[in-house]
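Just below is one structure, and these are the notes that go with it.
FYI, side chains are in, hydrogens and waters are out, and symmetry mates aren't considered; it's all heavy atoms of this structure. Residue indices begin at 1 and follow the sequence shown.
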Amino acid sequence: MSGVLAMVFGPLLAQEPTLQELNDKITLDSSILSEQFYYWTVVVMWLIHVGFMSYEAGAGRRKNVMATAMKNILTIAVVTPAFYYFGWWIYGCFGHGIIPITPGDFLDSAGALISGKSPSDGAMATFCSETYPWAANLGPNLNDHISGVFWAAFLLFSWTTASILSGALIERARLSAYLLLAVILGSVIWILDASWGWSWYGFLPTRWGFHDSIAGLVVHGVAGAFTLGVLFNLGPRIGKYTKDGLARSFKPHNLHLTLMGLMLIFTGFYAFYAACLVIQSTALPGWGNIYLNPTTLSSITFAITIGFAGGFTGGYFASRGDPFWTLSGGLAGVISVSAGADIYAPSLDYLIAMFGGALSVYAGNFIEKRMRVDDAVGAVAVHGVSGFWSPLAVGLFAAGYPTGINNIDTSLTGQLYGMMVFLPLGFFGGYIPSWILKKANLMRVPPEVELEGLDMAEFQTDFYPEFDRPPELVVLPDGTEVESYPILLEGYQQVTSNGHKPEPVGTGTET
């Protein structure tokens with residue numbers, strides 16, 4: 001009998017794993033868990049870009065619907081390779097400033113830390129070496145479960161920045177000009193600011209305690225500032241303003257499609273929020289923010305859900321029930337709580353989001369009517385203004401919270417410093433290249449194309465042949481709806497007669 005038992009259980013006892021083997025299995029399980037988590041956040045974040053495409057197509061006029069959709073699709077085509085070949089390297093190697101580091105600054109030829117250098121600098125140098133496009137990590141590698149999915153999550157953030165720009169420029173920007181600007185924003189400007197202020201090694205968190213946990217400023221605020229710089233050079237759509245500078249409104253092609261697009265963006269934002277965390281499954285509490293400070297997925301779930309509710313409330317009351325601004329207020333609300341989403345109490349989330357939702361409405365009206373900047377979807381107000389309010393709120397309501405590997409306390413000074421760094425980076429990052437494109441006459445489509453519609457000019461077809469084409473309407477400053485033909489014709493005549501970009505134009509008869 002004992003011989004039989006020995007035959008059955010002997011091999012099992014002989015194969016009892018060692019402590020090292022158990023540790024290796026735990027490490028592998030943790031890596032696979034992280035790999036699956038980031039993979040599915042990337043999948044769900046695609047809904048953000050489905051939403052942006054629907055949002056912009058609905059906000060535009062019927063004659064520009066397919067051109068708007070193609071612009072969103074081609075964003076992916078150009079930003080993706082640019083981000084692979086140099087955007088990820090910028091994130092990994094520019095944490096100390098405008099001059100990139102090289103791994104040799106901190107590591108010797110054997111990969112060991114040079115004497116006198118800190119371990120954190122050595123870790124940063126190691127990560128930098130893994131972000132070159134020829135690095136072993138940026139391709140199939142059986143020993144690396146993280147690099148591909150982590151890179152893809154950041155890539156989706158890059159698409160988001162470009163999509164923020166995309167909506168503001170609809171109906172008059174050249175496709176080629178937009179795609180060039182999308183590459184600059186999505187693969188250079190935003191990822192540079194992320195290296196400075198949205199990484200565990202960047203100089204803003206490690207020296208100043210800058211805290212922007214879910215990228216309220218580094219994604220949305222900087223993209224909004226970049227967009228404003230571009231809009232200054234692009235100019236308004238023909239017929240947008242009267243001779244007296246009063247704003248008209250173009251009736252959207254399909255407001256329901258726009259609102260549905262916003263709801264898809266909201267859904268994708270849950271994955272966006274989740275992808276901003278770092279899984280630490282073998283150490284309590286299991287999660288860290290981008291600065292490697294402890295947090296939980298549950299914490300940010302409170303923030304995003306209550307942030308939507310507060311933003312809807314602020315947007316609704318500030319706009320007096322306008323459907324577009326009510327839903328846009330929800331997006332502004334979430335962006336407003338993003339910087340401190342890992343540390344705010346839910347009641348504070350609601351108040352900050354409600355203020356942000358209302359602020360976006362007032363800012364949108366100011367930008368359109370006072371600054372006379374034609375932002376077709378309110379991107380500067382919703383993303384830009386709310387994105388800068390987000391870190392400011394941390395400085396006002398969460399000062400003293402330790403941030404980053406050096407545990408520097410957050411402060412109003414540190415938050416303002418980060419804002420002062422990112423505002424010119426974003427604004428001039430957009431203004432300068434768009435100014436060059438404007439001077440080269442490569443920024444706008446010809447006036448004739450703008451009036452005819454980009455769909456007919458680019459595709460020579462109407463994408464809704466089964467429906468009659470109703471008269472195109474414009475809403476005058478007094479709220480009256482009229483056919484747009486006389487207004488657009490006079491605007492076209494003024495543009496072509498003076499040879500300049502469209503200025504505030506119209507019949508001059510509205511009040």
Side-chain angles (χ1 to χ4, degrees), residues 164 197-198 205 209-225 262 265-266 269-270 272-274 276-277 289-291 293 295-319 325-364 366 378-403 409-419 422-423:
I164 292 168
W198 202 54
F210 178 76
H211 192 95
D212 188 11
S213 178
I214 313 293
L217 174 56
V218 298
V219 168
H220 302 278
V222 169
L262 280 168
I265 293 171
F266 298 160
F269 255 62
Y270 278 89
F272 185 109
Y273 256 52
C276 292
L277 299 188
N289 61 21
I290 197 69
Y291 309 114
N293 299 120
T295 188
T296 65
L297 188 60
S298 184
S299 299
I300 67 164
T301 303
F302 280 120
I304 188 171
T305 306
I306 294 175
F308 279 131
F312 290 146
T313 303
Y316 178 83
F317 283 107
S319 68
W325 280 110
T326 298
L327 261 72
S328 295
L331 182 56
V334 167
I335 295 168
S336 297
V337 300
S338 290
D342 57 328
I343 52 178
Y344 288 150
S347 297
L348 185 57
D349 281 320
Y350 189 80
L351 294 174
I352 291 173
M354 185 167 60
F355 181 83
L359 180 63
S360 69
V361 176
Y362 297 131
F366 180 82
V380 176
V382 173
H383 296 273
V385 174
S386 300
F388 277 86
W389 158 237
S390 187
L392 178 60
V394 171
L396 294 173
F397 302 113
Y401 181 83
T403 292
D409 286 350
T410 56
S411 66
L412 181 59
T413 301
Q415 298 300 96
L416 289 172
Y417 184 77
M419 294 165 65
F422 291 151
L423 178 59

| Are Phe272 and Ile304 side-chain neighbours, meaning at least one heavy-atom pair lies under 4.5 Å? | no

Taking Val218's backbone N and O only, do any of them form a donor-acceptor pair with Asp212's side chain (distance below 3.5 Å, no angle check)? yes

Task: Heavy-atom check, side chain of Tyr273 versus side chain of Val334, under 4.5 Å - done: yes

query = Is there a donor-acceptor pair under 3.5 Å between the side chain of Ser338 and the backbone N or O of Ala215?
reply = no

Exercise. Do the side-chain N and O atoms of Thr410 and His211 include a donor-acceptor pair separated by under 3.5 angstrom?
Worked result: no

- Query: Tell me, do Tyr270 and Thr305 make a side-chain contact under 4.5 Å, heavy atoms counted?
  - Reply: yes

Is it true that Tyr291 and Ser213 share a donor-acceptor pair across their side chains at a distance under 3.5 Å? no

Backbone N or O of Ile300 within a donor-acceptor pair of the Tyr344 side chain at under 3.5 Å? no

Determine yes or no for a side-chain-to-main-chain donor-acceptor pair under 3.5 angstrom, with Ser360 supplying the side chain and Gly357 the backbone. yes

Fill in: Heavy-atom side-chain contact between Thr296 and Asp342 under 4.5 Å
no

**Side-chain heavy atoms of Ser386 within contact of His220, under 4.5 Å** = no

Applying side-chain contact (heavy atoms from CB on, under 4.5 Å) to Ile290 and not counting sequence neighbours gives Tyr91, Phe154, Trp198

A side-chain contact here means heavy atoms from C-beta on lying under 4.5 Å apart; do Pro391 and Phe210 qualify?
yes

* Asked: Given side chains that start at C-beta, do those of Leu331 and His383 come closer than 4.5 Å, heavy atoms only?
  -> yes

